[in-house]
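All chains are named by letter (A, B, ...) in the order of the sequence lines, taking the proteins before the strands, and each is independently numbered beginning at 1. As the structure is a prediction and not an experimental result, all values here were calculated from the model. Worth knowing before you read on, the calculation uses all heavy atoms, side chains too, and leaves out hydrogens, waters and symmetry mates.
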Amino acid sequence: MSNGFDDIPFFDEEPARAPGRGERRAAVPADGPADARDGRARQDQGAAPAQGPSGLAARAMAARDRDRAPDYLSGLNPEQRLAVETLDGPVLVLAGAGTGKTRVLTTRIAHIMATGRAYPSQILAVTFTNKAAREMKERIGVLVGGAVEGMPWLGTFHSIGVKLLRRHAELAGIRSDFTILDTDDVTRLIKQILQAESIDDKRWPAKQFAQLIDGWKNKGLTPADIPEGDARAFGNGKGRELYAAYQARLRTLNACDFGDLLLHPIAIFRKHPDLLREYHGRFRYILVDEYQDTNTAQYMWLRLLAQRPSPAKGEPRTADNTVNICCVGDDDQSIYGWRGAEVDNILRFDKDFPGATVIKLERNYRSTAHILATAGHLIAHNEGRLGKTLFTDRHDPEDQKVQVHAAWDSEEEARAVGEEIEQLQRDKHLLNNMAILVRASFQMREFEDRFVTLGLNYRVIGGPRFYERMEIRDAMAYFRLVCQDADDLAFERIVNTPKRGLGDTTIRLLHDYARARDIPMLAAAADIIETDEVKAKARKSLFDVVTMVRRWQGLLENTPHTELAEIILEESGYTDMWKVDKTAEAPGRLENLKELVRSMEAFESMRGFLEHVSLVMDAEQNENLDAVNIMTLHSAKGLEFETVFLPGWEEGLFPHQRSLDEGGRSGLEEERRLAYVGLTRAKRRCHLWFVSNRRIHGLWQSTIPSRFIEELPVDHVEVAEMEQSYGGYGRGGYGQSRFDKQEPFQNTYATPGWKRAQANKTDATRDNWGNRSGVAIDRIGYGESGPKARTIEGELTVRSTVETPSKFGIGDRVFHIKFGNGNIAGIEGNKLTIDFDRAGQKRVLDGFVEKV
DNA sequence: TCCCCTCGACTTTTT
DNA sequence: GTCGAGGGGA
């Protein structure tokens, strides 16, 4: 297959020109182990292959100038082609739904490489989700005909942030083997801080504070930057102190939360302009996907990397001072305002980057004219848009108008959708091409129940995740502690799991001691076992834990990591704990642990695996199974389906009451954009539903149709004829599986649907990875088809074992909380031997002793 | 230390 | 209505 790249060996050829101005070997560390092994990958650093009559560039330019455009450009429409070929200067592509946004991005990258403008490793391409990054990689691979090994800087904001931070961690005051905390860890950490500050966590919930901090970090605010009002609004006015305390704790734990993955690099770049300049030299081209979703922190990060010094008067723009940034987005699909996205970023792009080329993509290749007109008419009710109107050439009289259905209640809604799906199935439509997009996840349940009854396969996208399961988190905590022993959160999680008789008292003691001396709890435990601070039994247990962890740490370098994982789970007694457990879940949990170890095989090291899990929280779904997709409108963004069902268009649910209450007009507009996203997912058929009665928080409430329904254009929408009476039970002529209501004595388990389900099923509720999926298992090929091995850069092992001189002297009279008064008989570092008046001679830690 | 019961929450969610 | 967390009692 010819793709226009056949005669351009751009991966292998060196730029054949002499080093020019501004060209120097960057001091930026190499691209990790791959670079070290492969000299070729390093050649790009600092050297731009763009100018000069090099063999590669000349040929590429000739290729471009030939009448016949490269194959990969053919098939693009004029606007798309402009977006691909406008390589110099800032470019904003306003790409409406279904206008070939991803195609433009990927072709542009291919074009940059094919024309020899930059090496793959000189292109920074950022997305929001791992899914988008993966898709982009694949599609570029198809375009250039091979794996895209050479694009180390294609990834999510966060994964690129981690990459930067691992290289320059010490500039942020942490070590490069830092741990990435997830939201659960963060909440637990905050809970501890609130407790330490004796703040009532009933009145000031840790979760709320976690969200507050997240919000500040989204805005790029450090404790010093937050507005006074914000600071006062939490924890008796202690908001700022608490935030600072939290950051301090993260530093001692050698850990980062998600926000830090962006904020630390920003701080580093600001403090070290020379380093930033190295990256300016490296990144010839910057591409950003879904620009309308960027928050302030991401925006600041991008600005730092994108901004180049303006050319002096009279000087021409050169590769050194041109901002080759291309942002692609759609203001009408901005649906993440509630988590800090600033639509403003896209609205004022041309002010941020003067001289920007703005290109609108309005030709839609996805949907029918009816669907487009409906979506367009709806979104026109919003103010403050950049204003795009999607159009299509496709006008097929066979095309169905958008169907609006009414149902009595949510149960009937689910039943009717089920019937529609079965009808489509009989007409040979694949279930994979259908999706039910809901506003809120509680709506899913009704559909799941119904589909289990019908024996219809379904998959829930974005449900509960495997790594949130208890046994996975426990196992991961062991691994984390072994890789990074300052990870106190991991330590606390596993120290008494399985039960080792290390209760609250012991843990509190360890915690206090560790805090007082600013050392990890594992180190604190190592100290304490040499003393009499804790009872013999607890001491033995602690000794075991410390010894085990130390032993595993010793094995880390030279033992295959999957083997080590097994050793850890065995020796810690963790698997035994579940073997002994007689509850129903225990076998499943053991199975999950096995899967966990198996899935580690795809990674190069245990650290690589840990990093993957903390960054990539989605698990891949099985595409091979034909199943209806159920997901929220939010997670549907970027996807498309032949047939889309949009249930629950009622006031209060959609638009959601809380959006209206908290967001006012802009909240309503965001909801409307969400509706727009939902409609534009559909290629051929789109069904809207609203019900008159819905159960909310356990009680039935009567509802009125969404205002959005009134905003639809009458010419393109039709009210679907109900085959059954409104509010009655189904009487339709088709569907063998709809008699559970008609035959009251037959319970659901006797329906053919249920029997079918039984026949197909291996697990009708959840698969091992915590993915909810129906009827036939939708198992994830996490092990086999999982990600390629990852490498972690710049491994660094620094241990903080600073000894502080004891403030005590032999003979001092002291008081110990547990043993009372006594005299110091010996001192050994921080351990004191004391002759207690009552308890006799004991070894204790100086932290627990006061002079009297 | 564990288990049971009560109480409260309950939009969307990536990383 | 359902689930999870946390408190209190055995």
Among [options], the one nearest [X] by side-chain distance:
| X | options | value |
| --- | --- | --- |
| A/L615 | B/dT12, B/dT15, C/dC3 | B/dT15 |
| A/F258 | B/dT15, B/dC2, B/dT11 | B/dT15 |
| A/W338 | B/dT11, B/dT12, C/dC3 | B/dT12 |
| A/R445 | C/dG1, B/dT11, C/dC3 | C/dC3 |
| A/S635 | B/dT13, C/dG6, B/dT15 | B/dT13 |
| A/R658 | B/dT11, B/dT13, C/dG1 | B/dT11 |
| A/T129 | B/dT11, B/dT12, B/dT15 | B/dT15 |
| A/S659 | B/dT15, B/dC2, B/dT11 | B/dT11 |
| A/E662 | B/dT1, B/dT13, B/dT11 | B/dT11 |
| A/H634 | C/dG6, C/dC3, B/dT13 | B/dT13 |

- Answer with yes or no after comparing the ring centroid distance for A/Y299 and A/W301 against a 6.0 Å cut-off, counting only values under it.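 No: the rings miss the under 6.0 Å criterion.
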
- Query: So, do A/W338 and A/H656 have ring centers that fall under 6.0 Å from each other?
  - Reply: no

- Message: Once hydrogens and angles are ignored, does a donor-acceptor distance under 3.5 Å link the base of B/dT11 to the side chain of A/R439?
- Response: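 Check passes, donor-acceptor contact within cut-off.
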
Length of the [atom1]-[atom2] vector between [X] and [N], whole Å:
| X | N | atom1 | atom2 | value |
| --- | --- | --- | --- | --- |
| A/E411 | C/dG1 | CD | P | 14 Å |
| A/M577 | B/dC2 | CE | P | 11 Å |
| A/I461 | B/dT13 | CD1 | P | 12 Å |
| A/E290 | B/dT15 | CD | C1' | 15 Å |
| A/H612 | B/dT15 | NE2 | C1' | 13 Å |
| A/Q211 | B/dT13 | CD | C1' | 11 Å |
| A/F128 | B/dT13 | CZ | C1' | 13 Å |
| A/I696 | C/dT2 | CD1 | P | 16 Å |

- Note on the structure: By nearest-nucleotide position on DNA chain B, the 5'-leaning member of A/G501 and A/E670 is A/G501

- First encountered from the 5' end of DNA chain B, between A/D214 and A/H656: A/H656

- Item | Short side-chain N/O contact from A/K207 to OP1 or OP2 of C/dG4, under 4.0 Å | no

- Message: So, does A/T632 get its side chain near the phosphate of B/dT13, meaning an N or O under 4.0 Å from OP1 or OP2?
- Response: yes

- Message: Using the ring pair (Phe, Tyr, Trp, His ring centres under 6.0 Å) definition, which of the options A/Y246, A/F234, A/Y243, A/W204 pairs with A/F209?
- Response: A/F234

- Message: By the 4.0 Å heavy-atom rule, please label A/Q298 as base, sugar-phosphate, or nothing.
- Response: nothing

- Task: From the options A/I160, A/I180, A/L164, select the one residue that forms a side chain to side chain contact (heavy atoms under 4.5 Å, CB included) with A/L261.
- Result: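 Answer after filtering A/I160, A/I180, A/L164: A/I180.
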
- Going by an N to O cut-off under 4.0 Å, is there a salt bridge joining A/R439 and A/E671? yes

- Query: Distance-only, no hydrogens or angles: does the A/N592 side chain make a donor-acceptor pair with backbone N or O of A/I472 under 3.5 Å?
  - Reply: no

